[in-house]
Amino acid sequence: MRNNPTIDLNFTINSGQVFLWNKIEDRWFGVNGDELLVITEPFQIYSSSKSARLFFRQDDNLNKILSDISRDSLVGATVKQFPGLRVIRQDPFQCYISFICSSNSSIQNIKNMLIRLCQKFGNKVEFENQQFSTFPSAERLANATTRDLLSCGLGFRAKYVRDAVKAVNSGKIEFESLRKTDYKSALETLKTVRGIGNKIADCILLFSLDKLESFPIDRWTQRILQKYYPNIFDIMHGKSLTEKKHNSLHEKIVEHFGPYAGYSQQFLFKMERDLNKKNWL
DNA sequence: TCATCACCTGGAGA
DNA sequence: ATCTCCAGGTGAT
């Protein structure tokens, strides 16, 4: 914990990065891959496994990042509005499957799908006599049939998840090598998996693979860019965001928000969702 | 190359 | 109650 240890769980968990978290009484319980995380106030983190990476990116130089992204005045205001909001570094496989499941769905539905996947295929861990199910590994999900996945409520995403699991088990997708490679090629590699387009790839890269220049562009961020930055990001000539437009838009985004654009996105996204009184978990 | 459209499912609002 | 609409997108025409 290098600087600014303040982490606001309520802001961070309720900012659309994770789906398998619950507040029970005064503690937060969350699933991260095969580990169960329990967080108490004042901030203390318990992990059921020893190998926990720094889940809240405590190794980031937060002062530097926040000061850098605050060059944009709106982002600067949101940094003050949501002190302690963090970008999370979550388990890559869980992140990958979670966001594939997020396609054209709602937070509540996504959460339901993932809970069922955990219950059906995950390991059981016990904490204070309570049972929790962790997120299944790729090896474990290799045995899942399309029928199994449909029974978890995945719908048309079932075939995407099957392909995605195969891609990992065959070595076509290797998270640790993606983590080491540059943003652009990692993005292209992820997009070779059916069911992963720009938005989902960016979420995986930002929330699990340390690509802080990722800036997931969905209906919300599009709305934000149009609403608050109409003359900087003149994206919408036509209706749909084509590949070409997406590329040039992302370039402009990094040019404007800087190398930590992903953090900017997280603050702006949180702001706009709250403004529209959208529910989280 | 670009714009439309269907897609599983379930929760919310009419 | 029953229905319609739509949700943090993507792939196929």
Pairing of D148(A) and R162(A) as salt bridge, 4.0 angstrom limit:
no

Can you tell me which stems DNA chain C forms when a stem means 3 or more consecutive Watson-Crick or G-U pairs under 3.5 Å?
B:3-7 with C:9-13, B:9-14 with C:2-7

I'd like to know if E255(A) pairs up with K252(A) as an ion pair, taking the criterion as any Lys NZ or Arg NE/NH1/NH2 lying under 4.0 Å from an Asp or Glu carboxylate oxygen.
no

Pairwise P distance for dA6(B) and dT4(C), with rounding to whole Å
16 Å

Name the orientation class of the two ring planes belonging to F257(A) and F233(A) (parallel below 30°, tilted from 30 to 60°, perpendicular beyond 60°).
parallel

If I pick the P atom on dT10(C) and the same atom on dG11(B), what distance separates them, to the nearest angstrom?
23 Å

Under 4.0 Å between any heavy atoms, over every strand shown, what does I196(A) touch: base, sugar-phosphate, or nothing? Just pick one.
sugar-phosphate

Report the residue (K278(A) or Y160(A)) whose heavy-atom-nearest nucleotide on DNA chain C is the more 5′ of the two.
K278(A)

Interatomic distance, K199(A) NZ vs dG11(C) P [rounded to whole Å]
13 Å

Base, sugar-phosphate alone, or nothing: which one does Q17(A) contact when heavy atoms must sit under 4.0 Å apart?
base

Could you pick out which residue, K191(A) or S102(A), lies toward the 5' side of DNA chain C when each is mapped onto its nearest nucleotide?
S102(A)

Check the orientation of H256(A) and Y229(A). Use parallel for under 30°, tilted for 30 to 60°, and perpendicular for over 60°.
perpendicular

Using the P atom in both, what is the distance from dT13(C) to dC8(B), to the nearest Å?
14 Å

Quick one: sort the F11(A) and F82(A) rings into parallel, tilted or perpendicular, breaks at 30° and 60°.
perpendicular

How close or far is atom C1' of dT10(C) from atom CG of D163(A), stated in whole angstroms?
13 Å

Distance between P atoms of dC5(C) and dC5(B) (Å, rounded):
15 Å

Ignoring hydrogens and angles, tell me if any N or O in the side chain of N276(A) forms a donor-acceptor pair with the backbone of K278(A) under 3.5 Å.
no

Side-chain N or O of T242(A) closer than 4.0 Å to phosphate OP1/OP2 of dT1(B)
no

Has R219(A) got a side-chain N or O lying under 4.0 Å from the OP1 or OP2 atom of dG9(C)?
yes

With a 4.0 Å cut-off on heavy atoms, is S15(A) in touch with a base, just the backbone sugar-phosphate, or nothing at all?
base

For K184(A), is there an ion pair with E213(A) - N to carboxylate O distance below 4.0 angstrom?
no

Roughly how many Å is it from CG in L241(A) to P in dC2(B), rounded to a whole number?
11 Å

Hey, can you tell me if H246(A) and H250(A) have their rings parallel, tilted or perpendicular (30° and 60° cut-offs)?
parallel

What string of B, S and - do you get for nucleotides 5-14 of chain B, 5' to 3', when a contact is any protein heavy atom under 4.0 Å?
--BBBBS---

Can you tell me the distance, in whole Å, between the NZ atom of K245(A) and the P atom of dT10(C)?
16 Å

Output for pair (L275(A) CG, R273(A) CZ), nearest 0.5 Å, gives 12.0 Å

